[in-house]
Amino acid sequence: MAEYSKEEIRKIEDKWRQRWIDKKVYKTEIDAAKPKYYVLDMFPYPSGAGLHVGHPLGYIASDIVARFKRIKGFNVLHPMGFDAFGLPAEQYAIEHGIDPAISTEQNIQNFKRQLGKIGFCYDWDREVQTCKPEYYKWTQWIFLQIFESWYNRKKQKAERIELLIKIFESEGNISYEFPNTKFRIQGSGKDSFTASDWKSFDEKVKREILMQYRLAYLAYADVNWCEALGTVLANDEVINGVSYRGGFPVVKRQMRQWSLRITEYADRLLTGLDEIDFSDSMKEIQRNWIGKSVGAKIDFQVKSEKAVVKSMTVFTTRPDTIFGVDFMVVAPEHEMVKEITSTAQHTDVDKYLKYVESRSEIERMAEVKKITGCFTGAYAVNPFNQREIPIWISEYVLAGYGTGAIMGVPCGDERDHKFAKHFNLPITNIIGKFYDGTEANPTYDAILENSDFLNGLIMKEGGKVVIKKLEEKGIGTRQVNYKMRDAGWSRQRYWGEPFPVVFRDDTPYAMEEKDLPLTLPHSDNFKPSGSGEGPLANLKEWININKNERRDSNTMPTHAGAAWYFLRYMDPHNTKAFADSKNLDYWGQVDVYIGGSEHAVAHLLYARLWVKILHDLGYLNFDEPFKKLINQGKITAFSYFIHCHTEKRLFVSDEDYLDFIEAHMQKIENEEPSVNADTSIIEYFLRYEINDPVEFKSIKVPSEFVVNEKLGNKQGFLNFYGGTYNDCEFLVPKSERGFTLESFVEKMSKSKYNVVSPDEIVEVYGADTFRIYEMFLGPLEQSKPWSTSGIDGSFKFLRRFWNLFHDPTGNFKVTDAEPSREELKVLHKTLKKVESDIEHYSFNTSVSEFMICSNELTSLKCNKRAVLEPLVIALSPFAPHMTEELWEKLGHTDTILNAKFQPFDESYLKENAFNYPISINGKVRAQMNFALDMPKEDIEKLVLASEIVLKWTEGKAPKKVIVVQGRIVNVVL
RNA sequence: GCGGAUGUGGCGUAAUUGGCAGCCGCGCCAGACUUAGGAUCUGGUGCCGAAAGGCGUGGGGGUUCGAGUCCCUUCAUCCGCACCA
């Protein structure tokens, strides 16, 4: 009748999925009476390939948490949406001429269809799609808030730009220097102005000055220009000098770009990490990316022929080593290089600059160990002892970090030391025996020598002393530097949010809120202009509003939509605000955020930044978006290959192939095979006149033809290659255990023929088995290759659980009989373990516990309601369909989602006796049962008197007896 | 080079945080049943050994009555950053 068969599963799962939709069981509303819980998945980019089995891993985990929290009495927000703007849809459009809006919509429908089959408890009424005008209206609106604000360093928070204007009107910028210290006011050429200066500036100059302070600003900046993609890439989209997509070369180029002044938030992004629960590695990646270093900025006087340049500034983290400076190095791109180069060095410097220019980014990165450089002929003067120090240029100093100039301290810095040795520069030792003459020592513990007023001081203390002296002399100060750059926010792309600004006289003005959204115009030409402007520049009537007004041809990066989507879920249909405060205050921070670690820097930093800005501007009462982050491991895939001898037209199994290699290697090494080598395999292949394993080629076998690591569908495989191999013979494997294939782990990808879609698994086993199996694979955060071997175990478990409620003929049979103490113990043990495991995101062990429980109840033949009902509830987060069906069969009319998770009762778990392992010298030799409250002394006596212990002690008194109550007894001889 | 993580049966993994190493599942072995299925059920299964017993958590050393767990050292693999002064 009602066996847990594949047909029955399909019926049950379809039935409940439909009913959940009809009854809107996942609809979420604010409920002040309940504590809230916000469970968030990183929303997917809807790619054309659809979901593969890796995607749902995190979604299943978060779904379990959401359902669990719900039956624990929380009001749970668990939404889903789509990160729908992005490059692939646009590239697809360029190749196939299909509007990204259409292909994206199709992909989203496909994703939703696939997600719908797995039984997730998303409230789809709250779905967001970042490419929808209703949504990106608010992305643009938030962008404008950022544009209309500046960072008040004194208060360490963002404020409205109007406040800054007020300050300028009353005192100029005396107390608020330009964030970009190189900026000079047009006309005056100065970097500061007074209140009356401000009033005298015209509109354009005022706007330009304000632009220097805005948190979203437009500026010429070195950007990563990728010729092949015809666009600018963010730093995190460039890997080893090539684009992360396609691997095309990337060069530096100056462009007028929008940027977010994230560097102002560097410190808060850093300290904020202390109050959120991210993994150590994730925090470390962010810290690394922010790259804070504390040190000093020091001015050195410069002596050069032309004497145009009076001084240079270096950044150092080690001002304490000031007397160990033997040379200066500036970046080849440094602006003063031309001015300070002496006539004698002119040719050499020119030659060197040409060489540096000729080197691509990739070469520079690949050859970081290569030491190059050139003397400029100029000198810097050590401000404390007037020593003249030669100024060099070298590519190991980066123009973009610090001041683009360093002081070389060869005894303390490894790179400086190598440089000095390479160019035969003298090395001053200021750390005595800590420097051995062959290797730099970056210690902080040395007592300084040869260091004038620092002599005798420990290095750790020296820095402060030096900074104080520098400040007295007015030639230096404490300085903090960050590796992190401001975030480039413009993309020369079509498929993204247009910037809600209007240019008048080349100056951007914010659009008014009532005119938002600035919708993305329809286009048939998605190709970038290639000159640096995006495809929107092709739409002349859109770009040029009128003679004096122009729009921005760039769009925002995908990060924009993703930087705040978790806020929109709280109030997704609001047309008056990005979300109202009632919703924002109720749902607050995301309690747990589950997603991949690949978003460690970009997405998570931008989301944190936007929340901090919105917090500063008074829209949010929290300033970190995610309380806890969990990174699910990647699911990789096995790719399979078959060994083929294309000339002899033979296929051979991996097993035989490996034996052949082994025998072959032994033959080469020993002239003749060793005694235990299997020589028959060589003879076997000799029959086909095959002498060497290298004659075989590996041919890809798409994973759909593979069953349990073996070739499962021979004909399918042959058809896949269109009959090319139909004449090939399959050598019968020696073990006769099936045709094993060569396999290794790769990323799951359409092009690698190794993608496994959840659809096929759900089709065969049902969603519940799929969910259980993915969780049972191992710890959530661990990466693992996908393999279906073993999924039967999960299926069998569910069937066994189902069978507890049914008699052998499949009739529902649950009794109201009193459960035995033993049965109750099984129940409460399971409830206890499962609850704590879910709280710790240890889903594999909770599945394991359910298996143990159902095994035990099966052998107890337990079919009692009092035991089974709480278990159905407990299992419902993992297997929602089956448990909902059982719940109904148990006579309930409401959904199991509204049931209550039964807390375990410790009293059922209490034992009064314990089976002590008795170990002798740490080795367990026996078991003895004693009452748990039996005093140690009594246990000791009984143990020592026991036959087994007497056998080992041989009558001698033991040295020591350790009795740990409720744990173990150890007798030391 | 720096930083983070991980090493346990044939495989995926577990071990109440210092207390019986190998739970649960796959696979494998044996048996039962049978409508012969890639089904189901029962039992077994770390390695060596006939057994007694011995050996076992990447290797070496240490602390401890007791170490997969703590400390030192070393090796391997994966991930992130990488001339950041």
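Remember, it's a predicted structure, so these values are computed and weren't measured experimentally. In the text below, chain A, chain B and the rest are named by the order of the sequence lines, each starting its count at 1.
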Should the pair [X]-[Y] be classified as a salt bridge under the 4.0 Å nitrogen-to-oxygen rule?
{"X": "A:D274", "Y": "A:R287", "answer": "yes"}
{"X": "A:K833", "Y": "A:D837", "answer": "yes"}
{"X": "A:K832", "Y": "A:E906", "answer": "yes"}
{"X": "A:E940", "Y": "A:K960", "answer": "no"}

task = Just label B:G9 as syn or anti from its O4'-C1'-N9-C4 or O4'-C1'-N1-C2 angle, using within 90° of 0 for syn.
result =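 Syn conformation here, the glycosidic angle of B:G9 being no more than 90° from 0.
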query = So, is B:G37 syn or anti if syn means the angle is within 90° of 0?
reply =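 Nucleotide B:G37 adopts syn.
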Among [options], find the nucleotide with the atom closest to the side chain of [X].
{"X": "A:N855", "options": "B:G80, B:A85, B:G25", "result": "B:G25"}
{"X": "A:K796", "options": "B:G25, B:U40, B:C83", "result": "B:U40"}
{"X": "A:E395", "options": "B:A14, B:A21, B:C83", "result": "B:C83"}
{"X": "A:N288", "options": "B:C41, B:A21, B:G80", "result": "B:G80"}
{"X": "A:R967", "options": "B:A14, B:U17, B:C81", "result": "B:U17"}
{"X": "A:V397", "options": "B:C41, B:A85, B:C20", "result": "B:A85"}

To the nearest Å, how far apart are [X] [atom1] and [N] [atom2]?
{"X": "A:K283", "N": "B:C79", "atom1": "NZ", "atom2": "C1'", "answer": "19 Å"}
{"X": "A:F776", "N": "B:A14", "atom1": "CZ", "atom2": "P", "answer": "10 Å"}
{"X": "A:L932", "N": "B:U16", "atom1": "CG", "atom2": "P", "answer": "19 Å"}
{"X": "A:K833", "N": "B:U17", "atom1": "NZ", "atom2": "P", "answer": "12 Å"}
{"X": "A:K370", "N": "B:G1", "atom1": "NZ", "atom2": "C1'", "answer": "20 Å"}
{"X": "A:I635", "N": "B:C79", "atom1": "CD1", "atom2": "C1'", "answer": "17 Å"}
{"X": "A:K418", "N": "B:G1", "atom1": "NZ", "atom2": "P", "answer": "10 Å"}
{"X": "A:D792", "N": "B:G12", "atom1": "CG", "atom2": "C1'", "answer": "15 Å"}

Expressed in whole Å, how much space separates the [atom1] atoms belonging to [N] and [M]?
{"N": "B:U63", "M": "B:A15", "atom1": "P", "result": "29 Å"}
{"N": "B:G46", "M": "B:A21", "atom1": "C1'", "result": "10 Å"}
{"N": "B:U77", "M": "B:A32", "atom1": "C1'", "result": "45 Å"}
{"N": "B:G59", "M": "B:U8", "atom1": "C1'", "result": "15 Å"}
{"N": "B:G4", "M": "B:U57", "atom1": "C1'", "result": "23 Å"}
{"N": "B:A52", "M": "B:A14", "atom1": "C1'", "result": "31 Å"}
{"N": "B:A39", "M": "B:G22", "atom1": "C1'", "result": "30 Å"}

Between the protein and nucleotides 63-71 of chain B, list every N/O to N/O distance that falls short of 3.5 Å.
{"residue": "B:C65", "atom": "OP1", "partner": "A:K960", "partner atom": "NZ", "Å": "3.4"}
{"residue": "B:C65", "atom": "O2'", "partner": "A:N970", "partner atom": "ND2", "Å": "3.1"}
{"residue": "B:C65", "atom": "O2", "partner": "A:N970", "partner atom": "ND2", "Å": "2.7"}

query = Can you name the residues that form a ring pair (Phe, Tyr, Trp, His ring centres under 6.0 Å) with A:F419, not counting sequence neighbours?
reply =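 Result, ring pair (Phe, Tyr, Trp, His ring centres under 6.0 Å) vs A:F419: A:F327, A:W392, A:Y396, A:F423.
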key: All ring pair (Phe, Tyr, Trp, His ring centres under 6.0 Å) counterparts of A:F904, not counting sequence neighbours   =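 By the ring pair (Phe, Tyr, Trp, His ring centres under 6.0 Å) rule, A:F904 matches no residue at all.
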Can you give me the N/O atom pairs linking the protein to nucleotides 4-10 of chain B at distances under 3.5 Å, or say none if there are none?
none

Does [X] reach the side chain of [Y], with side-chain heavy atoms less than 4.5 Å apart?
{"X": "A:L798", "Y": "A:I772", "result": "yes"}
{"X": "A:V971", "Y": "A:S919", "result": "no"}
{"X": "A:K418", "Y": "A:H422", "result": "no"}

ask   = With under 30° as parallel and over 60° as perpendicular, where do the rings of A:Y916 and A:F914 fit, or are they tilted in between?
value =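 Judged by the thresholds at 30° and 60°, the geometry between A:Y916 and A:F914 is perpendicular.
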request  = Over 60° means perpendicular and under 30° means parallel, so classify the ring planes of A:Y4 and A:W802, tilted if in between.
outcome  =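 Tilted.
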Identify the pairs formed between an N or O of the protein and an N or O of nucleotides 53-58 of chain B at a distance under 3.5 Å, and give each distance.
{"residue": "B:G54", "atom": "OP1", "partner": "A:R925", "partner atom": "NH2", "Å": "3.3"}
{"residue": "B:G54", "atom": "OP2", "partner": "A:R925", "partner atom": "NH1", "Å": "3.1"}

[N] pairs with, by Watson-Crick or G-U criteria that keep both distances under 3.5 Å:
{"N": "B:C41", "result": "B:G31"}
{"N": "B:G18", "result": "none"}
{"N": "B:G80", "result": "B:C2"}

key: Test applied, side-chain contact (heavy atoms from CB on, under 4.5 Å); reference residue, A:M484; option that passes from A:I290, A:N288, A:L270   =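 For A:M484, the side-chain contact (heavy atoms from CB on, under 4.5 Å) test succeeds with only one of A:I290, A:N288, A:L270, which is A:I290.
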Does a side-chain N or O from [X] land closer than 4.0 Å to OP1 or OP2 of [N], or not?
{"X": "A:Y396", "N": "B:A85", "value": "no"}
{"X": "A:N844", "N": "B:C24", "value": "no"}
{"X": "A:S293", "N": "B:A85", "value": "yes"}

request  = Apply ring pair (Phe, Tyr, Trp, His ring centres under 6.0 Å) to A:Y773 and A:W786, showing your working.
outcome  = CA-CA 11 Å; A:Y773 182 58; A:W786 175 261; 5.6 Å; yes
key: Nearest-nucleotide comparison on RNA chain B, the residue closer to the 5′ end among A:L777 and A:V294   =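 Between the two, 5'-proximity favours A:L777.
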query = Sequence neighbours excluded, which residues qualify as salt bridge (Lys or Arg N to Asp or Glu O under 4.0 Å) partners of A:K941?
reply =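 Listed in chain order: nothing, the list is empty.
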